[in-house]
Amino acid sequence: MKKIGLIAAMKKELTPFLSAMGMPRDTQKIYKNVDIYNYSDKTVYVTESGIGEIAAAGAAQHLISRYEVDAIINFGVCGSLGKLKTMDCAAVKSAVHYDFDLTAIDDTAVGVYPGKASPYIAADRELMNKIIGLDCRVKTVVSASGDKFVADSRFKSELVKIFGAE
């Protein structure tokens, strides 16, 4: 893995990383600003996507198409459904899209995409092992992803019950 893309939704999520990395080797603006760093024998492409699934998908596709990254790490602040506490570190072993719902047109379960048997979208196992190996305090979780902030305790409990999400 020689080219790594890093995406965060907001600048304040990127700031600690960028200050630790120092000055980028280059900054390019085609779709979004992309700061380019050399780190060890790797090239790291860092961008702020903006908030939301569509913004994150656009930033990821830009890094794939323009820079041909080998891996993308989306990082930043996220909410919790109860078990994670403020400042806990978590790595997402799989994600479910709780907003994806075809039940009005067929009998597919919520979160299951056509042609798939399960709502769980697994992260790359090798990359997960590397992340977990960096710090044994990192918790591995199932992330319930959607384009709305969930504050209702009953809905949170439902996401935990249905998907085992944290």
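Here the OH atom belonging to Tyr113 is positioned 12.5 Å from the OG1 atom belonging to Thr108, to the nearest 0.5 angstrom. Asp124 CG to Ile72 CD1: the interatomic distance, rounded to the nearest 0.5 Å, is 12.0 Å. Summarising the geometry, atom OG belonging to Ser157 is positioned 8.5 Å from atom CG belonging to Asp152; distances are rounded to the nearest 0.5 Å. Separating the OG atom in Ser118 from the CZ atom in Phe163 is a distance of 9.5 Å, to the nearest 0.5 Å. Lys161 NZ to Leu81 CG: the interatomic distance, rounded to the nearest 0.5 Å, is 15.0 Å. Atom CG of Asp35 and atom CZ of Arg25 lie 11.5 Å apart (nearest 0.5 Å).
No single ILVMFWY cluster, assembled from side-chain heavy atoms under 4.5 Å apart, contains both Val138 and Leu127. Hydrophobic clustering (ILVMFWY, side-chain heavy atoms < 4.5 Å, transitive): Tyr120 and Val110 are in one cluster. In the hydrophobic cluster analysis, where Ile, Leu, Val, Met, Phe, Trp and Tyr join through side-chain heavy atoms closer than 4.5 angstrom, Met128 is grouped apart from Val92. Clustering ILVMFWY residues whenever any of their side-chain heavy atoms sit less than 4.5 angstrom apart, transitively, puts Tyr98 in a cluster other than the one holding Leu102. Using a 4.5 Å cut-off between side-chain heavy atoms of Ile, Leu, Val, Met, Phe, Trp and Tyr, with links allowed through other members, Phe155 and Val96 fall into the same hydrophobic cluster.
Side-chain contact check for Asn38 versus Thr43: some heavy-atom pair is nearer than 4.5 Å. Val112 is listed as a side-chain neighbour of Pro119, based on a closest heavy-atom distance under 4.5 Å. Looking at Cys89 and Arg137, their side chains never come closer than 4.5 Å, going by heavy atoms from C-beta outward. Put simply, the side chain of Val69 reaches to within 4.5 Å of the side chain of Ile64, judged on heavy atoms. Residues His62 and Thr47 are not in side-chain contact: their nearest non-hydrogen atoms beyond the backbone lie 4.5 Å or more apart. Contact check for Glu166 versus Val142: no side-chain heavy atoms found under the 4.5 Å cut-off. Contact annotation: the side chain of Ile36 approaches that of Tyr67 to within less than 4.5 Å [non-hydrogen atoms, C-beta and beyond]. Annotation: side chain of Leu63 is in contact with side chain of Ile7 (closest heavy-atom distance under 4.5 Å).
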> Checking salt bridge (Lys or Arg N to Asp or Glu O under 4.0 Å) for the pair Glu158/Arg154: CA distance, chi angles, key distance, verdict?
Replying inline: CA-CA 6 Å; Glu158 189 115 348; Arg154 285 180 293 192; over 6 Å; no

> side-chain contact (heavy atoms from CB on, under 4.5 Å) between Lys139 and Lys83: does it pass, once the steps are laid out?
Replying inline: CA-CA 10 Å; Lys139 297 167 176 57; Lys83 291 184 181 176; over 6 Å; no

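At distances below 3.5 Å, at least one donor-acceptor pair connects side-chain atoms of Glu13 with backbone N or O atoms of Val77. One N or O on the side chain of Asp70 and one on the backbone of Lys3 form a donor-acceptor pair closer than 3.5 Å.
When all heavy atoms of Ser49 and Ala55 are compared, the pair lying nearest together is O-CB, 3.4 Å. Between Val160 and Ala165 the shortest heavy-atom distance is CG2-O, 3.4 Å. Ser145 and Glu53 make their closest contact through OG-OE2, 3.5 Å (heavy atoms, listed as atom of the first residue, atom of the second, distance). Nearest approach of Ala144 to Leu159, heavy atoms of both residues: CB-CD1, 4.2 Å. Considering every non-hydrogen atom in both Asp99 and Gly146, the closest pair reads OD2-CA, 3.6 Å. In terms of heavy-atom proximity, Val150 sits nearest to Lys156 at O-CE, 3.2 Å.
Counting heavy-atom neighbours within 6.0 Å of Glu68 CD, excluding the residue itself, gives a total of 12 or less.
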